[in-house]
Amino acid sequence: MTSENTPVSELGLHELTTWLRRCTELVDENAPYLTDLDAAIGDADHGANMQRGFDAVAGILDGEYEDVQALMKKVGMTLVSSVGGASGPLYGTFFLRFATSAKGADALDLHALFAALQAGVHGIEERGKSMIGQKTMLDAWVPALDAYLRAGETLQGAVLAGAAGAQEGRDATGPMEATKGRASYLGERSVGHIDPGAASTALLWEALADVVRPGGPTPDGEAAS
């Protein structure tokens, strides 16, 4: 745990739990937006599915967890079991792979966090049999990781850069033609619409950025005074 004015140098159970609570808040606030995006090129259920999944995650955060792996494994299993559509297995796989990368860790520093995030993204690639450029959530995840890696020497700077990269990647899906997933059935008609999975990915990065910012959210999800 760090004080309000001390830059975050690692994420322990306290910070990771705060991240997940903030994810729940942002998904709840943006569920209608995610649904509107999905209505244009999908099944119009991404917002409701993500909201149900992260509300379920919020329900397990008060438990006792031995280490980072135990927490993230529980998060992944919760998402797999509670989120419908394609996003449940994909986000669930992300957190399960994140957990495996963090085996035995009490906290994640700059390099360990990158390794865990990268492992999660590789899980999405394998589970979804997809790659960047197909108008999927990977078009936000991969630029975020690239920006994180380029950012420099501090965890705070890397996460903030990653969040900006995720937002840029999300916006870049607008002019793409989908070649993977439900949106690919629309062909050229998918052009001009932001991918909902990329949008929810950007929300997860925004939540992580909120945690590392000075005066970020408290464990209860309220901004620190």
Which heavy atom of [X] sits nearest a heavy atom of [Y], and at what distance?
X      : Y      : value
Ala161 : Ala147 : O-CB, 3.3 Å
Gly53  : Val83  : CA-CG2, 3.3 Å
Tyr148 : Leu110 : OH-O, 2.7 Å
Arg213 : Gln156 : CA-NE2, 4.2 Å
Arg97  : Gly123 : NH1-CA, 3.4 Å
Arg21  : Leu61  : CG-CD1, 3.5 Å

Approximate separation, where rounding is to 0.5 Å, of Leu16 CG and Phe98 CZ:
5.5 Å
Are the charged groups of Arg22 and Asp210 less than 4.0 angstrom apart, N to O?
yes
Val8-Leu13 co-clustered via ILVMFWY side chain contacts under 4.5 Å
yes
Do the non-hydrogen side-chain atoms of Phe114 and Leu149 ever get within less than 4.5 Å of each other?
yes
Would you call the rings of Phe54 and Tyr91 parallel, tilted or perpendicular, where under 30° means parallel and over 60° means perpendicular?
perpendicular
Given side chain to side chain contact (heavy atoms under 4.5 Å, CB included), test Val159 with Leu155 step by step and report yes or no.
CA-CA 6 Å; Val159 168; Leu155 183 143; 4.0 Å; yes
